[in-house]
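Everything below concerns the one structure shown next.
Hydrogens, waters and symmetry mates are skipped; everything else that's a heavy atom, side chains included, is used. These numbers were taken from a predicted model, which means no experiment stands behind them. Residue numbering restarts at 1 for every chain, and letters A, B, ... go by the order of the sequence lines.
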Amino acid sequence: MSPTTRRTAEQRLRRLLVMLPWLMERGETPLADVARHFAMTDEEVASDLELAAMCGLPPFVDEMIDVFIDDDVVIVGVPRLFTRPLRLTAPEGFALVAAGRAAMQLPGADPDGPLGRGLKKLEVALGDDGVVVDLPRPPGVDHLVDDLADAVRRVERLTVRYWTASRDEVTERTITPRRVFHDRGEWYVIADDRRSGERRTFRIDRIETLQRTGEFDDPDDRRDHGVGGVGGEPEWFADGGLPQVTVRLAPEARWVIERYPVDEVTTTASGDVRARFSVASPRWLEQTLLRLGPDAEVVAPAQWRSLGATTARRILERYASEGDGEGAPR
Amino acid sequence: MERIDRVERLTNLLALLLETSQPLTLVQIAGELEGQYPGKESTRRAGFERDKAALRQIGVPIESQVLTAHQAGMTGYWIDRDRYELADLELEPDEMRALQVAVAAARPSSGRDALWKLGAEVADGAASVTATVPEVAGLPALRDAAARRSPVRFSYRDRARHLDPYGLLLRGGFWYVVGHDHDHDEVRTYRVDRIEGDVAVGAEGAFERPVGFDLRVAFPTDPKLLGVDGVSADAVALVCVDAARAKAVERELGAQRVLARHDGGAIDVEVPCANRAAFRSWVLGLVDHAVVEGPPDVRADIVDWLTRMARS
């Protein structure tokens with residue numbers, strides 16, 4: 001048996017049905033090019049094509065698919081069958097439509113440009129499906145996303161005033177934006193932060209002002225920008241050394257499991273759901289406990305068991321002393 | 001029986017069904033693919049069913065019909081080449097390139113396979129602007145159903161739903177399906193990741209999407225605007241926000257929502273509150289930087305919430 005038996009028959013056939021029409025259109029293709037294009041090894045390509053060459057029906061036994069490899073070049077003779085790829089599957093159609101519509105919402109997209117025209121042609125083939133991808137810019141600062149995307153392209157250093165939610169403070173920083181991304185309803189920029197000397201993720205709606213410096217850095221040659229595209233708070237990208245909290249959640253409070261990265265969810269014998277979170281800062285925990293309200297209770301660690309109640313009391317004081325001095329500096 | 005590789009047998013079966021000019025019965029298929037299926041009827045049927053399922057799984061449309069005349073009662077199989085083959089999208093090189101970049105930016109899991117079929121690859125190099133498009137099991141079937149105007153059935157919060165899907169919307173990190181709900185006889189929205197189990201797709205062309213139907217309009221942008229339990233969708237609350245967060249809140253809501261400006265920088269803003277839970281979440285997100293001034297019942301709601309918390 002060949003060394004490729006780990007791939008299932010379905011996987012091999014699926015690949016073959018897309019590889020054959022591609023080869024037929026080219027006539028002759030170096031084996032290495034085929035392997036690179038389809039993310040396979042040379043050996044896998046060779047063994048699949050040898051197998052294809054053996055396929056056949058009477059009266060065309062062994063000559064239905066006229067393909068052979070000579071001196072590391074794949075040569076296809078007169079095409080008869082499998083001249084066109086198999087139609088797109090539902091997941092493939094969805095992938096193209098969703099990616100295309102999402103890209104249309106990214107900075108620099110032009111509805112009359114190539115992407116817009118390509119999407120119209122896709123719609124003709126795949127049907128008018130009413131798929132809408134909405135990636136709204138942060139309200140009031142909608143230009144920031146585009147400004148930052150421009151800065152990424154120019155590799156220009158920027159000075160920003162940034163509100164750090166976890167510490168509730170605004171700081172001025174110099175950053176070099178490297179990548180702009182949208183995830184779960186928020187826009188982020190990954191940037192080299194002068195002050196810490198580290199690559200950090202910033203939420204774009206928390207940038208209060210932005211100024212160009214006219215100074216430029218070197219383009220980034222790291223292909224992977226070192227930070228994944230999931231999470232909500234930039235702090236979540238930090239190392240695993242964050243303190244953790246375990247919270248007992250009533251059914252009404254379980255939405256939090258979907259909303260934030262949870263390290264562990266357990267259901268006790270009595271049906272209690274407990275979730276363990278990394279805590280970026282006490283400030284974040286306060287905010288989250290307030291939203292969960294009476295439907296959640298900190299189980300551990302002890303130092304945070306009364307945090308929710310204390311925070312609630314602090315705010316209630318403001319409701320009691322209504323009128324004298326909201327807005328006064330704290 | 002001669003040992004034959006399964007990929008080879010599947011390829012031969014596929015070729016046979018593509019080439020045939022008339023539906024073929026299993027007996028005829030086994031005859032054409034001599035020695036590739038077992039001779040015993042029950043094992044032959046099992047092997048063929050397994051192959052048929054494998055072909056369908058990779059997306060091959062296999063047609064079948066019950067035959068008449070001398071083959072009465074037997075099922076005939078064939079593949080309609082027009083349905084099998086990818087239609088030529090006639091993409092210009094720059095349009096193809098744009099789709100490649102789009103797939104690189106959004107990285108949908110089936111994007112690479114889709115581009116291969118179009119004769120292209122995912123654009124290389126890390127994209128400098130990207131968007132995560134969440135993937136949920138029911139999405140491809142729902143997209144297909146919306147495009148074909150097929151009604152769908154699915155379970156949601158333990159109840160069976162019947163919907164004419166008008167479209168799908170990705171907003172705030174979640175996919176929603178919007179359509180005409182048969183049981184409630186109105187346009188309803190469901191979160192796709194909350195659909196339980198499979199989406200069953202009905203017959204094609206069963207409904208029309210209303211002319212000019214706009215998904216973005218049908219679906220309220222701001223969760224605080226979602227009217228629930230008979231509360232008017234334009235209900236608003238008056239909130240005082242202190243100087244520390246005033247600027248950010250004004251930016252979020254817009255200057256027209258600012259009703260008063262206090263010395264020291266605090267502002268009074270009106271905030272939609274039809275959806276009390278969404279409103280509460282918003283206002284408590286400001287922790288001690290905001291106080292609800294009114295109306296009294298909305299203020300009492302927040303005070304009650306905090307009081308219950310403070311007691312625990």
Please classify the contact between [X] and chain B as side chain, backbone, both or neither, with a heavy-atom cut-off of under 4.5 Å.
X: A:D205; result: backbone
X: A:R101; result: neither
X: A:T310; result: neither
X: A:L126; result: both
X: A:V152; result: side chain
X: A:L17; result: side chain
X: A:E10; result: both
X: A:A109; result: neither
X: A:I207; result: backbone
X: A:V97; result: side chain

Checklist entry - Checking side-chain contact (heavy atoms from CB on, under 4.5 Å) for the pair B:E135/B:W175: CA distance, chi angles, key distance, verdict? => result CA-CA 9 Å; B:E135 302 201 33; B:W175 279 103; over 6 Å; no

Item to check | Sequence-distant partners of A:P91, side chain to side chain contact (heavy atoms under 4.5 Å, CB included), two or more places apart | outcome: A:T89, B:S110, B:P140

Checklist entry - Taking A:V180 as the fixed residue, which of A:D150, A:V145, A:L144 is the one that meets the side-chain contact (heavy atoms from CB on, under 4.5 Å) rule? => result A:V145

Checklist outcome for this item: Which of A:T288, A:L292, A:L290 passes side-chain contact (heavy atoms from CB on, under 4.5 Å) with B:L284? Answer is A:L290

With a 4.5 angstrom heavy-atom cut-off, could you sort out which part of [X] is near chain A: side chain, backbone, both or neither?
X: B:R97; answer: neither
X: B:A105; answer: side chain
X: B:E92; answer: both
X: B:L142; answer: neither
X: B:L55; answer: side chain
X: B:L16; answer: both
X: B:V133; answer: side chain
X: B:R280; answer: neither
X: B:V101; answer: neither
X: B:Y84; answer: both
X: B:P61; answer: both
X: B:A255; answer: neither

Could you have a look at [options] and say which one has the most heavy-atom pairs with chain B under 4.5 angstrom?
options: A:M104, A:E286, A:E208; value: A:E208
options: A:I315, A:T83, A:L148; value: A:I315
options: A:G185, A:P138, A:G130, A:P136; value: A:G130
options: A:L86, A:L106, A:L16, A:V170; value: A:L86
options: A:A102, A:P114, A:P107; value: A:P114
options: A:F82, A:W22, A:W187; value: A:F82

Is a salt bridge present between [X] and [Y], judged by a nitrogen-to-oxygen distance below 4.0 Å?
X: B:D51; Y: B:R9; value: yes
X: B:R261; Y: B:D268; value: no
X: A:R117; Y: B:D94; value: yes
X: B:D164; Y: B:R149; value: no
X: A:R36; Y: B:E121; value: yes
X: A:R84; Y: A:E25; value: no

Between [atom1] on residue [X] and [atom2] on residue [Y], distance to nearest 0.5 Å:
X: B:D288; Y: B:R245; atom1: CG; atom2: CZ; answer: 11.5 Å
X: A:F94; Y: B:S109; atom1: CZ; atom2: OG; answer: 9.0 Å
X: A:R12; Y: B:T11; atom1: CZ; atom2: OG1; answer: 9.5 Å

Next on the checklist: Let's go through A:D48 and A:R7 carefully: what are the C-alpha distance in whole Å and the side-chain angles of both, what is the deciding distance for salt bridge (Lys or Arg N to Asp or Glu O under 4.0 Å) to 0.1 Å, and is it a yes or a no?
Outcome noted: CA-CA 11 Å; A:D48 283 4; A:R7 292 179 297 141; 3.1 Å; yes

Enumerate donor-acceptor pairs with a distance under 3.5 Å from any side-chain N or O in residues 111-120 of chain B to protein atoms, sequence neighbours excluded.
unit_1, atom_1, unit_2, atom_2, d
B:W116, NE1, A:H37, O, 2.8
B:K117, NZ, A:R87, O, 2.9
B:K117, NZ, A:E92, OE1, 2.8

Next on the checklist: I want to check something: taking the side chain as every heavy atom from C-beta on, are B:R107 and B:T132 in contact at a cut-off of under 4.5 Å?
Outcome noted: no

